[in-house]
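To keep things clear, I will list the structure first and then write my remarks on it.
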Amino acid sequence: MIMKVEHIGIAVKDIDGANKLFAALLGTPHYKTESVESEKVSTSFYKVGDSKIELLEAIDPNSAIAKFIEKRGEGIHHIAFEVEDILGEMKRLKEAGFVFTRDEPFPGADNKLVCFMHPKSTNGVLVELCQEIRQIP
Ligand code: ZN
């Protein structure tokens, strides 16, 4: 089941400048920054009520974020939906004809398992599914 919009990802060229802008816009500083080596991005997160904004800056010219900005400029990059059971949701959506960029979920930023749906199958919107990684007690 899809539970909520967990965050909106925004591609930026200069995360330090964007951090100043979004801190002023939202009236609150980011609560964490994190580099995701596998995706070659640097991220920062802002709480907005029950949801979040994720800023993404490429740390490598070959990262998907660098290519996105090259093609389309800065702006909204993806919408992330929180799910309880990412494997179950991937199965349900694949059966319904949606296409994923990878077959298996992988560790993303902010303690999440994530996967992305190809924008060609979702009206041009890059959709992320994310599930909180639960610590084993
Ligand atoms: Zn995201």
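Quantities reported herein were computed from a predicted structural model and do not represent experimental measurements. Numbers for residues simply follow the sequence, beginning at 1. Order of appearance sets the numbers: ligands from 1, and atoms from 1 within every ligand.
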Checklist entry - Between the side chain of Ser35 and the main-chain N/O of Glu37, is any donor-acceptor distance below 3.5 Å? => result no

Next on the checklist: Within 2.8 Å of the Zn ion (ligand 1), is there any N, O or S atom belonging to Asp110?
Outcome noted: no

Next on the checklist: I'd like the atom name of the N/O/S atom in Glu128 lying closest to the Zn ion (ligand 1).
Outcome noted: OE1

Next on the checklist: So that I can check it, does any N, O or S atom in Cys130 come closer than 2.8 Å to the Zn ion (ligand 1)?
Outcome noted: no

Checklist entry - Is the side chain of Asp110 donor-acceptor paired with the backbone N or O of Lys112 at a distance under 3.5 Å, no angle test? => result no

Item to check | the Zn ion (ligand 1) to His7: nearest N/O/S atom name | outcome: NE2

Checklist entry - Is the backbone N or O of Ile59 less than 3.5 Å from a side-chain atom of Ser42, with the two atoms forming a donor-acceptor pair by type? => result no

Checklist entry - Short question: side chain of Asp60, backbone of Lys40 - any donor-acceptor pair under 3.5 Å? => result no

Item to check | Thr122 side-chain N/O to His118 backbone N/O, donor-acceptor pair under 3.5 Å | outcome: yes

Checklist entry - Any idea which N/O/S atom from Glu54 gets closest to the Zn ion (ligand 1)? => result OE1

